[in-house]
Enquirer: 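Below is the structure I would like to discuss, written out as structure tokens.
Count residues from 1 along the sequence. First listed ligand is number 1; within each ligand, the first listed atom is number 1.
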Amino acid sequence: MFEGIKNKFIKLFKSSTSGTEIIRRDEVENTIRNILLEADVDYDTAQIITERLDRRIIKSGRKIEMDLVKEYLKETITEILNEIPPALDILNAPKKPYVILFLGINGTGKTTTISKIASYLRKNGKRVVLAAADTFRAGAIEQISALGSDIGVNVIKHTAGSDPSSVAFDAIEHAKARDIDYVLVDSAGRMQTNKNLIDEMRKIKRVAKPDLTVMVLDSMIGQDAYNQAEVFMNEIKFDAVILTKLDTDARGGAVLTIVHQLKKPVLFLGTGQGFDDLIKFDPKWYIGKIIP
Ligand code: GDP
């Protein structure tokens, strides 16, 4: 995980003996900016990090050595990651049923993530129903049905091609009638610019009135994840994000770009294909992984 960025930072911070004064501050900062860019952090975010780092170093008035740069870089990235509002604890949902709608392009890991969250909620004693509202993609209804039966939660489904918002509506009615705590609504994810998809999502939002709308993004695609999210943000709006496939993300910069550009809480990170491969986002954990 994040080998690209991690190994470059290890090399950089080892490149100067402890206690040796750094004469060319700008050179070190350029190297850090390049490491960030190569890790697929977007230019704006990389620039802000290096500028803030520079300000910290100057303000300190201390002798500049690599250990200090490392300490200040960690502080700067922590500051960036703490600028987003904290994610709510979904175990403490303020209403019942609590309806969560998941958005995301096909292949990002949306259905897998829904099943991970369903499993997490179940393990914490919550009652859950899934709405198979991706009625478009071939096999999507079967996929979520199989995952639901593995976890032991009901899946409300209609036939392929039917109206997704009516599936969501039925799942919510089902939950209300049975005192179920959570309704997790899957949704279609064909091409982000497809107008029909956007209209479909808007209708689901109108009908299901989700308490939380979550955008699922694939960290492996780096900056493109942000571009995808921007389309959804402009057209549909969402409250929080989940980043998937961190375990296979060698570059590691997507987290920084997404957090800094979207300014949305990160609910969870996906770290594998199993039901338990879901962790809460913690800036300390992330920084520890990229700057060991
Ligand atoms: P959807 O089209 O967005 O619903 O995507 P799926 O849930 O079907 O996932 C697409 C592929 O990504 C599947 O092979 C999943 O097992 C895989 N996947 C999902 N989340 C993760 C993750 O966090 N790590 C890894 N390595 N694979 C994941």
Side-chain angles (χ1 to χ4, degrees), residues 1-4 40 87 90 100-121 128 130-151 153 155-157 160-161 164 167-168 171 183-194 196-198 200-201 204 210 213-222 224-229 231-232 236 238 240-255 258-259 266-282 285-286 289-290:
M1 195 187 289
F2 310 150
E3 291 79 11
D40 218 8
I90 61 164
I100 310 179
L101 169 64
F102 294 83
L103 308 173
I105 299 300
N106 284 342
T108 51
K110 180 161 31 88
T111 313
T112 308
T113 302
I114 292 171
S115 57
K116 289 177 184 179
I117 293 180
S119 168
Y120 169 74
L121 291 168
V128 182
L130 306 182
D134 180 357
T135 60
F136 185 82
R137 177 167 68 85
I141 298 174
E142 292 73 19
Q143 184 191 2
I144 197 163
S145 302
L147 289 167
S149 80
D150 286 350
I151 308 159
V153 300
V155 180
I156 304 304
K157 55 191 168 188
V167 181
V183 181
L184 308 185
V185 184
D186 196 6
S187 69
R190 55 193 182 271
M191 286 160 54
Q192 67 269 41
T193 48
N194 185 315
N196 290 338
L197 174 68
I198 300 293
E200 184 177 311
M201 294 301 118
I204 294 193
T213 303
V214 178
M215 179 87 216
V216 180
L217 295 165
D218 179 344
S219 67
M220 291 241 308
I221 62 167
D224 281 343
Y226 167 62
N227 300 334
Q228 277 179 6
V231 174
F232 278 84
I236 308 165
F238 53 84
V241 298
I242 292 178
L243 277 161
T244 63
K245 308 187 194 175
L246 274 289
D247 53 309
T248 48
D249 174 15
R251 285 174 300 177
V255 174
I258 295 289
V259 167
V266 180
L267 210 51
F268 289 105
L269 301 174
T271 56
Q273 293 180 296
F275 290 138
D276 293 331
D277 295 326
L278 187 73
I279 57 171
K280 287 203 175 138
F281 176 63
D282 173 8
W285 172 86
Y286 176 70
K289 289 268 175 210
I290 63 165

Enquirer: Going by side chain to side chain contact (heavy atoms under 4.5 Å, CB included), Met1 matches just one of Asp249, Thr271, Thr248. Which one?
Expert: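 The passing option is Thr271.
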Enquirer: Is Asp277 paired with Lys116 through a side-chain N to carboxylate O contact shorter than 4.0 Å?
Expert: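 No.
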Enquirer: Checking Asp276 now: which residues fulfil salt bridge (Lys or Arg N to Asp or Glu O under 4.0 Å) with it, not counting sequence neighbours?
Expert: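 Result, salt bridge (Lys or Arg N to Asp or Glu O under 4.0 Å) vs Asp276: Lys123.
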Enquirer: Hey, is the main chain of Thr244 close enough, under 3.5 Å, to the side chain of Ser219 for a donor-acceptor pair?
Expert: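 Yes, the answer is positive, given that a donor and an acceptor are paired below the 3.5 Å cut-off.
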Enquirer: May I have every N or O pair linking ligand 1 to the protein at under 3.5 Å, one per line with atom names and distance?
Expert:
unit_1: ligand 1; atom_1: 2 (O); unit_2: Gly107; atom_2: N; d: 2.7
unit_1: ligand 1; atom_1: 3 (O); unit_2: Gly107; atom_2: N; d: 3.3
unit_1: ligand 1; atom_1: 3 (O); unit_2: Thr108; atom_2: N; d: 3.3
unit_1: ligand 1; atom_1: 3 (O); unit_2: Thr108; atom_2: OG1; d: 3.4
unit_1: ligand 1; atom_1: 3 (O); unit_2: Gly109; atom_2: N; d: 2.9
unit_1: ligand 1; atom_1: 3 (O); unit_2: Lys110; atom_2: N; d: 2.8
unit_1: ligand 1; atom_1: 4 (O); unit_2: Thr111; atom_2: N; d: 2.9
unit_1: ligand 1; atom_1: 4 (O); unit_2: Thr111; atom_2: OG1; d: 2.5
unit_1: ligand 1; atom_1: 5 (O); unit_2: Gly109; atom_2: N; d: 3.1
unit_1: ligand 1; atom_1: 7 (O); unit_2: Thr111; atom_2: N; d: 3.3
unit_1: ligand 1; atom_1: 7 (O); unit_2: Thr112; atom_2: N; d: 2.8
unit_1: ligand 1; atom_1: 7 (O); unit_2: Thr112; atom_2: OG1; d: 2.5
unit_1: ligand 1; atom_1: 8 (O); unit_2: Gln143; atom_2: NE2; d: 2.9
unit_1: ligand 1; atom_1: 9 (O); unit_2: Thr112; atom_2: OG1; d: 3.4
unit_1: ligand 1; atom_1: 14 (O); unit_2: Gln273; atom_2: NE2; d: 3.4
unit_1: ligand 1; atom_1: 16 (O); unit_2: Gln273; atom_2: NE2; d: 2.8
unit_1: ligand 1; atom_1: 23 (O); unit_2: Lys116; atom_2: NZ; d: 3.3
unit_1: ligand 1; atom_1: 23 (O); unit_2: Lys245; atom_2: N; d: 2.9
unit_1: ligand 1; atom_1: 23 (O); unit_2: Gly270; atom_2: O; d: 3.3
unit_1: ligand 1; atom_1: 23 (O); unit_2: Gly272; atom_2: N; d: 3.2
unit_1: ligand 1; atom_1: 23 (O); unit_2: Gly272; atom_2: O; d: 3.2
unit_1: ligand 1; atom_1: 24 (N); unit_2: Asp247; atom_2: OD1; d: 2.8
unit_1: ligand 1; atom_1: 24 (N); unit_2: Gly272; atom_2: N; d: 3.3
unit_1: ligand 1; atom_1: 24 (N); unit_2: Gly272; atom_2: O; d: 3.4
unit_1: ligand 1; atom_1: 26 (N); unit_2: Asp247; atom_2: OD1; d: 3.3
unit_1: ligand 1; atom_1: 26 (N); unit_2: Asp247; atom_2: OD2; d: 2.8

Enquirer: State which residue, out of Tyr120, Phe281, Phe102, fulfils the ring-ring contact (aromatic ring centres under 6.0 Å, His included) condition with Phe268.
Expert: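 Filter result, single survivor: Tyr120.
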Enquirer: I'd like to know if the side chain of Ser187 and the backbone of Asp134 have a donor-acceptor N/O pair within less than 3.5 Å.
Expert: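 Not at all, since once roles are kept as given, no pair shorter than 3.5 Å links the two residues.
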